[in-house]
Peer 1: 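First the structure, then my questions, so here it is.
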Amino acid sequence: MLNNIIEVKNINFKYNDSETKTINNISFNIKAGEWVSIIGHNGSGKSTLIKLLDGLVQLDSGTISINGDEINEKNLNKIRKNIGLVFQNPDNQFVGATVEDDIAFGLENYQFSRDEMIKIIDNVLDLVDMKKYRKHEPSKLSGGQKQRIALAGVLALNPKILILDESTSMIDPQGRNNILNVIDEFSRKSNMTVISITHDVEEIKLSNRVLLLSNGELVEDTSPEKLFENVKDLEEYALELPFSAQLSKYLIKHKLQLPNRYMNEGELIECIKKLYLKM
């Protein structure tokens, strides 16, 4: 049985210039190796929750524990070594003059030897398919390439928890899928926990769970499948049904006897095949 790598208990937070709580009595646990998507309208508290998880802002009350350690001033540096953050705008993360310098910066801070750094940089650039760009200046790369380098810099440190703060929202669909596939493969091999703030259905489909926030409260803790079955929730959070769900809904409307539940593309194809063989 998987252990909880994140435990959030009755947390509250309010900005000084706000009359209402940005985070209002939220509790949840996340197990090691889980992929959890966090969704909600702008102002629902998503970004603030991520800042609290990384200790960037301090709780008013409640507790957050990361890998067994409660977030406080004493444990903050230790906790942050477990967490990798990839932001929406990768330019905010670049510090090196070249791609390899940028990735090496984090490794140097963790006191890796030069030989170790070269090996790790080779591995992560190969992982994100950016080896030929190692001598390039990060700021002159395309949006998708920048995001790959930002991801490589984080994965080089092998974090236990990867947080994606709408990090695929500015990338074209093909680039987005490539990056998500890299993260999915890496997380499965290393048992890395992934938390993603997103409105992208393809990203949500990779999740084990979805947390829905509204006005600073956790209003639903559900699975992607149950979320996709509840059209009302999808419309409320400005999400589109996955293509397979749209097609299934259309076929049911036109009298095809399909199960009235969410099915991914493969399951839908198999179901249609079985119906066809019965005809």
Peer 1: Under a 4.5 Å cut-off applied to non-hydrogen side-chain atoms, are Phe28 and Leu49 in contact?
Peer 2: yes
Peer 1: Any side-chain heavy atom of Trp35 sitting closer than 4.5 Å to one from Arg188?
Peer 2: no
Peer 1: Is it the case that Ser139 and Glu137 place a side-chain donor and acceptor less than 3.5 Å from each other?
Peer 2: yes
Peer 1: Search all heavy atoms of Val128 against all heavy atoms of Ala152 and return the closest pair with its distance.
Peer 2: CG2-CB, 4.0 Å
Peer 1: Are any non-hydrogen side-chain atoms of Ile272 and Leu251 less than 4.5 angstrom apart?
Peer 2: yes
Peer 1: If you count heavy atoms of other groups shown closer than 6.0 angstrom to NZ of Lys14, is the number above 12?
Peer 2: yes
Peer 1: What is the distance from atom CD1 of Ile183 to atom CG of Leu127, rounded to the nearest 0.5 Å?
Peer 2: 10.0 Å
Peer 1: Can you confirm whether Glu70 is buried at CD, in the sense that more than 12 heavy atoms of other residues, nucleotides or ligands lie under 6.0 Å from that atom?
Peer 2: yes
Peer 1: Check the pair Val99, Leu141 against side-chain contact (heavy atoms from CB on, under 4.5 Å), reporting the backbone distance first and the verdict last.
Peer 2: CA-CA 10 Å; Val99 165; Leu141 299 174; 4.0 Å; yes
Peer 1: Looking only at heavy atoms, which two atoms of Thr63 and Ile11 are closest? And how far apart?
Peer 2: O-CG2, 3.5 Å
Peer 1: Once you round to the nearest 0.5 Å, how far does CD1 of Ile66 lie from CG of Asn4?
Peer 2: 11.0 Å
Peer 1: How long is the gap from CG on Leu268 to CG on Leu247, to the nearest 0.5 Å?
Peer 2: 5.0 Å
Peer 1: Would you say Asn12 and Leu59 make side-chain contact, with heavy atoms under 4.5 Å?
Peer 2: no
Peer 1: Can you list the other members of the hydrophobic cluster that holds Val95, where links are side-chain heavy atoms under 4.5 angstrom apart?
Peer 2: Phe105
Peer 1: Determine whether more than 12 heavy atoms belonging to other residues, nucleotides or ligands lie under 6.0 Å from atom CG of Asn215.
Peer 2: no
Peer 1: Hey, does the side chain of Asn181 reach the backbone of Asn177 with a donor-acceptor pair shorter than 3.5 angstrom?
Peer 2: yes
Peer 1: Decide whether Leu162 and Tyr110 are clustered together by the hydrophobic rule: side chain heavy atoms of Ile, Leu, Val, Met, Phe, Trp, Tyr closer than 4.5 Å, transitively.
Peer 2: yes
Peer 1: Less than 4.5 Å apart, any side-chain heavy atom of Leu53 and any of Ile50?
Peer 2: yes
Peer 1: How long is the gap from NZ on Lys253 to CG on Leu258, to the nearest 0.5 Å?
Peer 2: 15.0 Å
Peer 1: Tyr15 vs Phe13 aromatic rings, parallel, tilted or perpendicular, using cut-offs 30° and 60°?
Peer 2: perpendicular
Peer 1: Backbone N or O of His41 within a donor-acceptor pair of the Ser44 side chain at under 3.5 Å?
Peer 2: yes
Peer 1: For a 4.5 angstrom cut-off between non-hydrogen side-chain atoms, does Gln88 reach Asp165?
Peer 2: no
Peer 1: Can you check whether Arg80 reaches Asp54 side chain to side chain, under 4.5 Å on heavy atoms?
Peer 2: yes
Peer 1: Kindly determine whether Arg148 and Asn178 satisfy side-chain contact (heavy atoms from CB on, under 4.5 Å), including the steps that lead there.
Peer 2: CA-CA 9 Å; Arg148 285 169 182 257; Asn178 289 341; 3.2 Å; yes
Peer 1: For the residue pair Ser37 / Ser196, report whether a side-chain donor-acceptor contact shorter than 3.5 Å exists.
Peer 2: yes
Peer 1: Same cluster for Ile39 and Val219 if Ile/Leu/Val/Met/Phe/Trp/Tyr side chains link at under 4.5 Å?
Peer 2: yes
Peer 1: Distance-only, no hydrogens or angles: does the His199 side chain make a donor-acceptor pair with backbone N or O of Gly40 under 3.5 Å?
Peer 2: yes
Peer 1: List the atom of Asp102, the atom of Phe94, and the distance in Å for their closest heavy-atom pair.
Peer 2: OD1-CA, 3.1 Å
Peer 1: Indicate, with yes or no, if Val57 and Ile163 share a hydrophobic cluster defined by side-chain heavy-atom contacts under 4.5 Å among Ile, Leu, Val, Met, Phe, Trp and Tyr.
Peer 2: yes
Peer 1: Can you measure from CG (Asp221) to CG (Leu211) and round to the nearest 0.5 angstrom?
Peer 2: 5.0 Å
Peer 1: Which pair of non-hydrogen atoms, one from Val36 and one from Ser207, has the smallest distance, and what is that distance?
Peer 2: C-OG, 4.4 Å
Peer 1: Is the number of heavy atoms from other residues, nucleotides or ligands under 6.0 Å of Lys205 NZ greater than 12?
Peer 2: yes
Peer 1: Restricting to non-hydrogen atoms, name the atom on Pro224 and the atom on Ile204 that form the minimum distance, rounded to 0.1 Å.
Peer 2: CG-O, 3.4 Å
Peer 1: Are more than 12 heavy atoms from other residues, nucleotides or ligands located less than 6.0 Å from atom CG of Asn109?
Peer 2: yes
Peer 1: For Thr198 and Leu164, run side-chain contact (heavy atoms from CB on, under 4.5 Å): C-alpha distance rounded to whole Å, both residues' side-chain angles, the deciding distance at 0.1 Å, then the answer.
Peer 2: CA-CA 8 Å; Thr198 185; Leu164 308 171; over 6 Å; no
Peer 1: Does the side chain of Leu107 come within less than 4.5 Å of Glu116's, by heavy atoms?
Peer 2: no
Peer 1: Looking at every non-hydrogen atom in both residues, tell me the closest pair between Ser167 and Val86 and how far apart they are.
Peer 2: CB-O, 3.5 Å
Peer 1: Please check if the side chain of Ser27 supplies one atom and the backbone of Asn10 the other of a donor-acceptor pair under 3.5 Å.
Peer 2: yes
Peer 1: Kindly say whether Lys81 contributes a backbone atom to a donor-acceptor pair with the side chain of Lys160 at under 3.5 angstrom?
Peer 2: no
Peer 1: How many angstroms lie between atom CD of Glu7 and atom CG of Asn29, to the nearest 0.5 angstrom?
Peer 2: 5.0 Å
Peer 1: With side-chain contact (heavy atoms from CB on, under 4.5 Å) as the test, would you mind laying out the steps for Ile120 and Asn158 before giving the verdict?
Peer 2: CA-CA 10 Å; Ile120 292 170; Asn158 197 25; over 6 Å; no
